[in-house]
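All remarks here apply to the structure that follows.
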Amino acid sequence: MFRPHLFFALCILSLCAFIAPISHAQDTIDFDDIQKQVKAKQMELDALEPTLLDSTLNDQELSETRRSVKDIRTYFDSIKDQISPIEANIRADIADIGPPPAEDSTDIEPENIKELRERLNKEALMVQGILTQADALSAKSTRFLERLAAIRRGQFVEKILQNYTSPFNAALWAEASKDKDLVISAVVNSWEKGLESNTPEQQQKITRGVIFSLISFLCIFLTTAMVNTRLVRRYVQTNENSTLNERLAFCGRSIIYTTLAGFAGASIIYLSLQSTKVIGEYNKEYIHTLFNYGTFVIFGLVQSWLLLNGRTLRRVICILAFFSTMLFAVDLFILETGQYYGVPIELAIAQSFIVTTIFAVLVLSFLIRRLRQKDVAGSTLLIKRRMFYLGICLALLILGANGLGYVALTRFIFEQSIMLFHFGIGVLILRAMIYPALQWLEKQFYQNPDKDDHLMLFWMSLLVDMTLIVCSLPFIAAIVGVEWEGIRLLTYQAISGFEVGGITISISNLASSIVMFFSLLFFTRFIQKILSEKILPRTRMDKSARISFVQIIGYVGLTIALMSSIAAVGFDLSNLALIAGALSVGIGFGLQSIVSNFVSGLILLFERPIKVGDWVIVNSGEGIVKKISVRATEIETFDRTAIIIPNSELISSSVKNWTHKDRIGRVVISVGVSYNADPHQVKKILLEVASENDYVLSSPLPTVIFRDMADSALIMELRVFIRNISDFHAISSELRFGVWDALKENEIEIPFPQRDLHIRSTEGLEGLFGAPKKPKAAPKPKAAEKKKDDAE
């Protein structure tokens, strides 16, 4: 009977047996041949060294020399990649054999092992020599490339800072006027000769093709532009409260669609010219240059127009960018056409003076006028007003440099400013388009991200911003004049990195470390979400236990992500033991409280004497436990204030937990009745009030305690148990209302303290009690005094 599993296993074994000899044959390398090739490449590299001392090399010679050096370096790098695994295998074989016997040892090593060790050591020395030589020559090639880049940079700076004729020289404009007529006549004659060389049928075919391609371009581009303009305006009108990022994202999609439509129309024109054989070897480079720059011009015009309608960029900036891009397109077309037909230097200088001066005047007129106006309150725009001063300084620099004759510098500033502006706005639009995806990703991991203060969104946005900045640097370097070969060299050096203490620090290692950290962190969040929403709710675990378990999973995942990212950088994790030993003293003294809180937090999470949702009373107050972290615990009081308590305080001090094992609690209602009331009747009434309340448990039974015979009342206590102690205050209030109504219905008095006041003396209190007392009469004079008065 046929067994497919057995047949499949036999096929795999046969394939492995067939591949094994091939792989073994591939490992067999002729080291003598490699040494000869390395020596030949070394001689070739040495032959190029005198060229590097010549600073008069033109761009073509520099490019050819750089290409040769780069090929040599690539060869040496491939040799290192090919030989390094072989060296590792040889070292492993030598380690497997073990060290030879000591000289004073009586052990005798077998001859076959001795011969094998000698052969492996010889191969190891040979491979190590090849690797050392290839590594040194690769480093030498890199230095040669750096020298070539330095020569190119020096020539570029010298060309930019070259001083030409002043624009105030009348002879310049006279020569430029004559050259203009000659160039126009040369262009016309060239087209006429080109058309005359074709037959009338070919001329008609070329004319029809050009007209059809132009009409197709206009139909596709203008239709798409009008549709997207209407969509952008409608979006702005219907979403007046939208944020700047939302408007930028919507405008960004419209810009992409319209630019692609313009690119498709331009491609139709290019293919039409190519099919009619208007494009040939003589003008292919010229047409390619116009096509590439034409695509950029379409993007700049579309971007300025749609951002103007989307109210994301200041109106004055959009209009200025639109007209500046048009000026850039006209200038570029004239410049490339003049170079193709051989324009004299005087005409090129005059053109640069005119174009850059117009650009500077436009910038000054638009920005200075806008600075006099105030911004609308509450408006959110992309460029701040303080950036206007940078544009004004740039325009003044162009005018000043033109006046001194630095026309190459002003043209460079003009062209690079426009390209950098559109590139920067494009990067910001791309960032705004990525932002909604980050928000969606955050919602997938958090049910209520507002409680987490969008921490995950912040880190993801920071990662995206860093990635955009790093990816934009090569393009910015290319815009400002650095050649792609130089950019590749710098990128290679950044990727290869540098060594610090045996660890290679490079962009690739850092990027892989960051990606690994966030990937593992996102995976941990995903596992936490699945556990908290799908798996744990179906178990019999308590809610607080589920929260603690999910939180512990988060800490474990964070630790794994951190350790993996450190290992991805190249750091040996075994060295952490040394670092931990060196820091143990500091942890024991300086970080004692932090470690104590951390350990206490782990105890709280595992032992769970306090859980999330418990009602606790501590020295700082009482409230509901909202969050337990590894450092502190958050308690929300009934006044909606938060108490942050270090975990060590919860472990070392006493805590009253109302809901430690269950949520059942006791409520005590104290009431005083008159001495005229029957205590047995009051007990019966209180038990009836308790039995009528739905929140009071029947087991344990409610009880009434005759607490005391006080001065003014008989003190009775109603003691009941309720299902949820969190409802303590509400149920206590309901029971007191019920007791009040029941006692009033049965005419049982709830007395208040009374006192009898006995007044022993009323002196000083006359008029407060009864009629006022009459004043006493004056005493009569004595008889002796009366006689004396009479005698006098």
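When a residue number appears, it is its place in the shown sequence, counting from 1. Because the structure is predicted, anything quoted here is derived from the model rather than measured.
Between Y257 and V227, the closest side-chain pair of non-hydrogen atoms is not below 4.5 Å. Using a 4.5 Å cut-off on side-chain heavy atoms (C-beta onward), S532 and F549 make no contact. The side-chain heavy atoms of I392 and L364, taken from C-beta on, include a pair separated by under 4.5 Å. Between F328 and Y293, some side-chain heavy-atom pair lies under the 4.5 Å cut-off. Two residues are said to be in side-chain contact when any heavy atoms from C-beta on lie closer than 4.5 Å; F291 and S267 meet this criterion. Between R411 and D331, some side-chain heavy-atom pair lies under the 4.5 Å cut-off. Contact of the N239 side chain with the E246 side chain is not registered, since no non-hydrogen atoms from C-beta on lie closer than 4.5 Å. The shortest distance between side-chain heavy atoms of I514 and S565 does not fall below 4.5 Å.
Taking the ring centroids of Y270 and F217, they lie at or beyond the 6.0 Å cut-off.
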Please lay out, stage by stage, how V427 and F475 fare under the test side chain to side chain contact (heavy atoms under 4.5 Å, CB included).
CA-CA 11 Å; V427 171; F475 295 97; over 6 Å; no
- [ ] For the pair F423 and S472, evaluate side chain to side chain contact (heavy atoms under 4.5 Å, CB included) and give the outcome as yes or no after the intermediate values.
- [x] CA-CA 9 Å; F423 178 77; S472 299; 3.9 Å; yes
* Worked check of side chain to side chain contact (heavy atoms under 4.5 Å, CB included) between I298 and F263 -> CA-CA 8 Å; I298 291 173; F263 178 79; over 6 Å; no
**Request:** Decide side chain to side chain contact (heavy atoms under 4.5 Å, CB included) for S564 and F517; before the verdict, give the C-alpha distance in whole Å, the side-chain angles of both, and the deciding distance to 0.1 Å.
**Result:** CA-CA 7 Å; S564 302; F517 175 78; over 6 Å; no
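Using modelled atom types and a 3.5 Å distance limit, the side chains of R525 and Q528 yield a donor-acceptor pair. When only modelled atom types and interatomic distance are considered, T312 and R247 share no side-chain donor-acceptor pair under 3.5 Å. The closest side-chain donor-acceptor pair between T637 and T641 falls under 3.5 angstrom.
Across all non-hydrogen atoms, the minimal contact from V612 to K626 is CG1-O, 3.6 Å. Annotation for L520 and I560: closest pair CD1-O, 4.2 Å, computed over non-hydrogen atoms. The two residues L521 and A561 have their closest heavy-atom pair at N-CB, 4.2 Å. The shortest non-hydrogen separation linking A642 to E634 is CB-OE2, 4.2 Å. The minimum heavy-atom distance linking N245 with A432 is given by the pair O-CB, 3.6 Å. The nearest pair of heavy atoms linking I429 to G252 is CG2-CA, 3.2 Å.
Rounding to the nearest 0.5 angstrom, the gap separating the CG atom in L260 from the CZ atom in F299 is 11.0 Å. Note that CD1 of I255 and CD of Q303 are 5.0 Å apart. Values are rounded to the nearest 0.5 Å. Here the straight-line distance linking atom CD of Q416 with atom CD1 of I476 works out to 12.0 Å at 0.5 Å rounding. Between I268 atom CD1 and S213 atom OG the span is 8.5 Å, to the nearest 0.5 Å. Between T229 atom OG1 and W305 atom CH2 the span is 6.0 Å, to the nearest 0.5 Å. Interatomic distance, CG of L327 versus CD1 of I358, reported as 6.0 Å (0.5 Å rounding).
Using bins of under 30°, 30° to 60° and over 60° for the plane-to-plane angle, the ring pair F296/H422 lands in the perpendicular bin.
Considering N228, T224, T223 as possible partners of T258, the one that fulfils the side chain to side chain donor-acceptor pair (under 3.5 Å) test is N228.
At distances below 3.5 Å, not a single donor-acceptor pair connects side-chain atoms of D614 with backbone N or O atoms of I610.
The side-chain hydrogen bond (donor to acceptor under 3.5 Å, both in side chains) check on S417 picks up nothing, with sequence neighbours excluded.
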